J.: 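So that we are looking at the same thing, I have put the structure below in structure tokens.
Note that the structure is a prediction, hence the values are computed from the model and not measured. Chain identifiers are assigned alphabetically (A, B, ...) following the order of the sequence lines, protein sequences preceding nucleic acid strands; residue numbering begins at 1 within each chain.
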Amino acid sequence: MSIYDTLNNEQKEAVLQTEGPVLILAGAGSGKTRVLTHRIAYMIDHCGVQPWNILAITFTNKAAGEMRQRVDDLIGTGSEQIWVSTFHSTCAKILRRHIDRIGYDTNYTIYDTDDSKSVIKEVCKKLNIDTKQLKERAILSAISSAKNEYISPEEYRNSTEGDYMLQKIAACYTEYQLALRKNNALDFDDLLVKTVELFQTCPDVLESFQERFKYIMVDEYQDTNTVQFNFIEMLARRYRNLCVVGDDDQSIYKFRGANIRNILDFEQVFPDAHVIKLEQNYRSTGRILDGANAVIGNNLHRKQKSLWTDKGNGSAIHLRAFDNAYEEADFLVNDIRKKVREKDADYNDCAVLFRTNAQARLVEERMVLAGVPYNVVGGVNFYSRKEIKDVLAYLKTVDNARDDLAVRRIINVPKRGIGATTIGRIQTYADLNGMSFFGAMQVVDEIPGIGKAAEKIKAFVTMILGFRSRGEMYTLEEQLQEIFDISGYLDELENSDDDDAEDRLENIDEFTNKLIAYETEADEPTLGGFLQEVALVADIDNVDGDDNKVLLMTMHAAKGLEFNHVYLAGMEDGLFPSYMTIMSDDPFEIEEERRLAYVGMTRAKEDLTLTFAKCRMIRGETQYNAPSRFLKEIPDNLMDNRVPGKKKEEVIFDEDRMFSFHGSPVVPREQIFARPKATVTRRGTPEYAKPFALKGAAGLAGSGISKGVEGAGTAPDYVVGDRVSHIKYGEGQVTALEKGERDYKVTVMFDQCGQKIMYAAFAKLKKL
DNA sequence: TAGTTGGGTTTTTTT
DNA sequence: AACCCAACTA
């Protein structure tokens, strides 16, 4: 009896095939982590592979830690020698040693998205780009896409002929890279780009890593982008022991450059690849899996596969409809409480998943009211919070004052009476003389026009140099404490009467703890090492599954996780799938949303609940949305459709195509979706390609659903100034009417309910 | 220089 | 609703 006997045949095959290129197509919940860990164990235990010859790339730092732990559990020891980490951390480590070969300093800093945005802002100012016309965001995303495709600024510029906008972006890209280089900084994408560049320009470095990493494994391969592929391909070129694991159905990161072709074309790139399919799902019960399979079956462009389980049917997928988002949130909280009360679940068995981060707010509020312990994952990253970024800027300045961004961030925090004018003068002088901002500050007396601010500048410089000189003998913790004490940062926060000052102080305490943890755990703790580690931490990395808390997060963040009880909230067209993808004429976009739905559903082990609200506030606007089209793709017999708390009522479509609740608690789903049965998932005709208003739904033609899909509605029969009546809000006067892309947007001042803005097709106003 | 206010904008997802 | 920025005031 060995540890490998517990694997099924395909898993075993994947474990034993240690040589050459291997593609493991691992369906959701098919035990791929087990395969990877056992494969590593097998290589070390049975094939004489040295642990340090193995590189395993995971999607998150958390997954990396868990993988290492599990390998440790299998083979006892030696796992600390394996490189297990994310693409970004791996590259950061390589660059820490060798980036000086391509003209950067090895104590480079890593810029997050906010930092990049600040740089772009300056670049735009310098290039006289009107950011109203060409948004910073758009520029950054164009640059990021270019980097993900390993396109240099020069190449980018050469491909922009004749396109004015692209030329502007190309100019920004060039300037942006110059600015980063000047600050000795890399952005996230650069970590990959510069590593590949390093490998290309320094064959000796590449060779040393090829020798080092004779066996390479990549998890979540479907979400790799082109540079990541280049990186891996270069490393694996020599020994060709490359094992990639992924599931094309779970590819959900196209927006950040993921190239699904990497997995789809693996066999073309490596014709001798062994392909192994893992199709037995060990996670979910039957109905959940069947539902997820039915949904994903609507995607045309995928590798054929069929996941199965021997777990039995399990309970039905629950579908719940609500009047509005508040009721939905109440339900979520109460349902979880009920499960806990009845001992069906602990809080940490439950996760509520959303399409967008903002949706968590409402549920969070209700959880607080109900006293349900919860944890929101994502949204604003811990290390992106203002106070944390301030502290980080201090540390960065102490560590490496070449980062102008960091210096300027803290020069007047806390207030030192150094204002915009002074900062501008220093910056001009620095630019003119090709020095860093901090460098210019050190010679402040030379700078014209500074006047009495000079003393304040000198005090600041002395303070920073003081911090730096003490770095030699102080521990990191002591250094941090010193910064807190001397800079006056804590004092200012403590004396602030800001509402959230307390939260901020708590965050700073937490940050201090993290620094202490780093210093105790790292082999050779350094300030630079800490800053690097911290720059690459994702929110999900800090989730502790042992905490008995309900997790609230996006479906993206939930990738790779599993829970006994999963709630997918906000299942509405326009929210999920998102409005952008519905309106797009690229059908691949909705396929990506569908994959996200698949990811969400397959997180559930025993119990899956889908909820939607017919109305919710989005960005300050009340929106009325039809139930998600993905719901329609789940076969009837897998679901129970009920409206909790609406006893003896039934759900029907009413006049204005909304849901209303009267009658029995069990709802015939045809009435919810207004469509004939036959439209379920038939391969070859994607649901979105068909009109919704079909025979049998004649009475509902022109419903909110079909309107939303079929394009902009026809002009309403009322105009501004007319009196109209609404089924719920009563009578009112039209105050504005605006033609939007998909429909007329109508604003009505209702006599009873005040002003509402809604889409004409959904509102179904009657002219009086 | 610092703090406030009003107006305009808005990514859906993240290392 | 929430955030960011410019302009204004103390």
J.: Output a table of nitrogen or oxygen pairs between the protein and nucleotides 8-11 of chain B separated by less than 3.5 Å.
T.:
{"residue": "B/dT10", "atom": "OP1", "partner": "A/K135", "partner atom": "NZ", "Å": "3.2"}
{"residue": "B/dT11", "atom": "N3", "partner": "A/R137", "partner atom": "NH2", "Å": "3.2"}
{"residue": "B/dT11", "atom": "O4", "partner": "A/R137", "partner atom": "NH2", "Å": "2.7"}

J.: Answer yes or no on whether A/R256 is positioned over the face of A/Y253, meaning its NZ or CZ is under 6.0 Å from the six-membered ring centre and within 45° of the axis.
T.: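 Verdict for A/Y253: a cation-pi partner in A/R256.
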J.: Could you tell me which residues satisfy side chain to side chain donor-acceptor pair (under 3.5 Å) with A/N230, sequence neighbours excluded, listed by chain and number?
T.: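 Result, side chain to side chain donor-acceptor pair (under 3.5 Å) vs A/N230: none returned.
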J.: Can you identify which nucleotide, out of B/dT14, C/dA1, B/dT15, has its nearest atom closest to the A/H556 side chain?
T.: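 Side chain of A/H556 sits closest to B/dT14.
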J.: May I have the distance from A/K125 (atom NZ) to C/dC5 (atom C1'), rounded to whole angstrom?
T.: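 Taking NZ of A/K125 and C1' of C/dC5, I get 11 Å after rounding.
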J.: Distance check needed: C/dA1 P versus A/I618 CD1, whole Å only.
T.: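 So the two atoms are 13 Å apart, to the nearest Å.
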J.: Could you pick out which residue, A/K456 or A/L596, lies toward the 5' side of DNA chain B when each is mapped onto its nearest nucleotide?
T.: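 Upstream on the strand: A/K456.
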J.: Counting N and O atoms only, with roles assigned by atom type, does the side chain of A/N262 sit under 3.5 Å from a partner on the main chain of A/T224, one being a donor and the other an acceptor?
T.: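 Yes: the side chain of A/N262 pairs with the backbone of A/T224.
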J.: What is the distance, rounded to the nearest whole Å, between atom CG of A/N259 and atom P of B/dT15?
T.: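 Computing the A/N259:CG to B/dT15:P distance gives 20 Å.
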J.: Excluding sequence neighbours, so at least two apart, what forms salt bridge (charged side-chain N to carboxylate O under 4.0 Å, His left out) with A/R366?
T.: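 Residues passing salt bridge (charged side-chain N to carboxylate O under 4.0 Å, His left out) with A/R366: A/D330.
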J.: How is A/Y253 classified with respect to the nucleic acid when contacts are heavy atoms under 4.0 Å: base, sugar-phosphate, or nothing?
T.: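 The answer is sugar-phosphate, as A/Y253 gets under 4.0 Å only of primed atoms, P, OP1 or OP2.
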J.: May I ask you to say what A/K254 touches in the nucleic acid, namely base, sugar-phosphate or nothing, with a heavy-atom cut-off under 4.0 Å?
T.: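 No contact.
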J.: Please tell me which of A/E593 and A/S89 maps to the more 5' nucleotide of DNA chain B, matching each residue to the nucleotide holding its nearest heavy atom.
T.: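 It is A/E593 whose nearest nucleotide is closer to the 5' end.
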J.: Regarding A/S578, tell me which of base, sugar-phosphate or nothing describes its non-hydrogen contacts under 4.0 Å with the strands shown.
T.: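 Counting heavy atoms under 4.0 Å across all strands, the contact made by A/S578 includes a base.
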J.: Would you say A/N148 places a side-chain N or O within less than 4.0 Å of OP1 or OP2 belonging to B/dT15?
T.: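 For B/dT15, OP1/OP2 do not have a side-chain N/O of A/N148 under 4.0 Å.
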J.: Both conditions, 6.0 Å and 45 degrees, for the charged tip of A/K614 above the ring of A/Y624: are they met here?
T.: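 Output no; distance or angle outside limits.
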J.: Using a heavy-atom cut-off of 4.0 Å across all strands, would you classify A/N412 as base, sugar-phosphate, or nothing?
T.: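 Here A/N412 touches the backbone only, sparing every base.
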J.: Could you check how far CG of A/D541 sits from P of B/dT14, rounded to whole Å?
T.: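 After rounding, the gap between these two atoms is 13 Å.
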J.: Flag this pair as yes if the NZ/CZ of A/K514 is under 6.0 angstrom from the six-membered ring centre of A/F382 and inside a 45 degree cone about the axis; otherwise no.
T.: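 Cation-pi check for A/K514 and A/F382: passes.
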J.: To the nearest angstrom, how far is A/E136 atom CD from C/dC4 atom P?
T.: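 Checked: the CD to P distance equals 12 Å.
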J.: Checking A/Y374 against A/E364: is there a side-chain donor and acceptor pair closer than 3.5 Å?
T.: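 Checked: A/E364/A/Y374 side chains pair up, N/O donor to acceptor below 3.5 Å.
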J.: Provide, to the nearest angstrom, the distance between the CD1 atom belonging to A/I252 and the C1' atom belonging to B/dT15.
T.: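 Spelled out: CD1 on A/I252 to C1' on B/dT15 is 13 Å.
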J.: A/K559 has an atom NZ; how far is it from atom C1' of B/dT13, in whole Å?
T.: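 About 12 Å, once rounded to whole Å.
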J.: Please tell me which of the listed nucleotides, B/dT14, B/dT1, B/dA2, lies nearest to the side chain of A/T421?
T.: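 Of all the options, the side chain of A/T421 is nearest to B/dT1.
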J.: Select base, sugar-phosphate, or nothing to describe what A/D112 touches, counting heavy atoms under 4.0 Å on all strands.
T.: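 No contact.
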J.: Does a side-chain N or O of A/K415 approach OP1 or OP2 of B/dG3 to a distance below 4.0 Å, or not?
T.: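 Checking B/dG3 against A/K415, a side-chain N or O does come within under 4.0 Å of OP1 or OP2.
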J.: Using the C1' atom in both, what is the distance from B/dT13 to C/dC4, to the nearest Å?
T.: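 These two C1' atoms come out 22 Å apart once rounded.
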J.: Which listed nucleotide (B/dT15, B/dT1, C/dA1) is nearest to the side chain of A/T422?
T.: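 Side chain of A/T422 sits closest to B/dT1.
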J.: So what does A/S144 touch, heavy atoms closer than 4.0 Å: a base, only the sugar-phosphate, or nothing?
T.: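 No contact at all - A/S144 keeps every heavy atom at 4.0 Å or more from the nucleic acid.
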J.: Is the positively charged end of A/R96 above the ring of A/Y108, judged by distance under 6.0 angstrom from the centroid and angle within 45° of the axis?
T.: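 Judged by the rule, A/R96 and A/Y108 form a cation-pi pair.
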J.: Measure centre to centre between the rings of A/Y104 and A/H98, then say whether the value is under 6.0 Å.
T.: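 No; A/H98 has its ring centre 6.0 Å or more from that of A/Y104.
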J.: Using the side-chain heavy atoms of A/N357, tell me which of these nucleotides is nearest: B/dT14, C/dC4, C/dA2.
T.: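 Ranking B/dT14, C/dC4, C/dA2 by closest atom to the A/N357 side chain puts B/dT14 first.
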J.: Is there a side-chain contact between A/N381 and the phosphate of B/dT14, meaning an N or O under 4.0 Å from OP1 or OP2?
T.: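 For A/N381, the contact criterion (side-chain N or O under 4.0 Å from OP1 or OP2 of B/dT14) is not met.
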J.: What is the distance, to the nearest angstrom, from the CG atom on A/L140 to the P atom on B/dT14?
T.: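 Rounded to whole Å, this separation is 17 Å.
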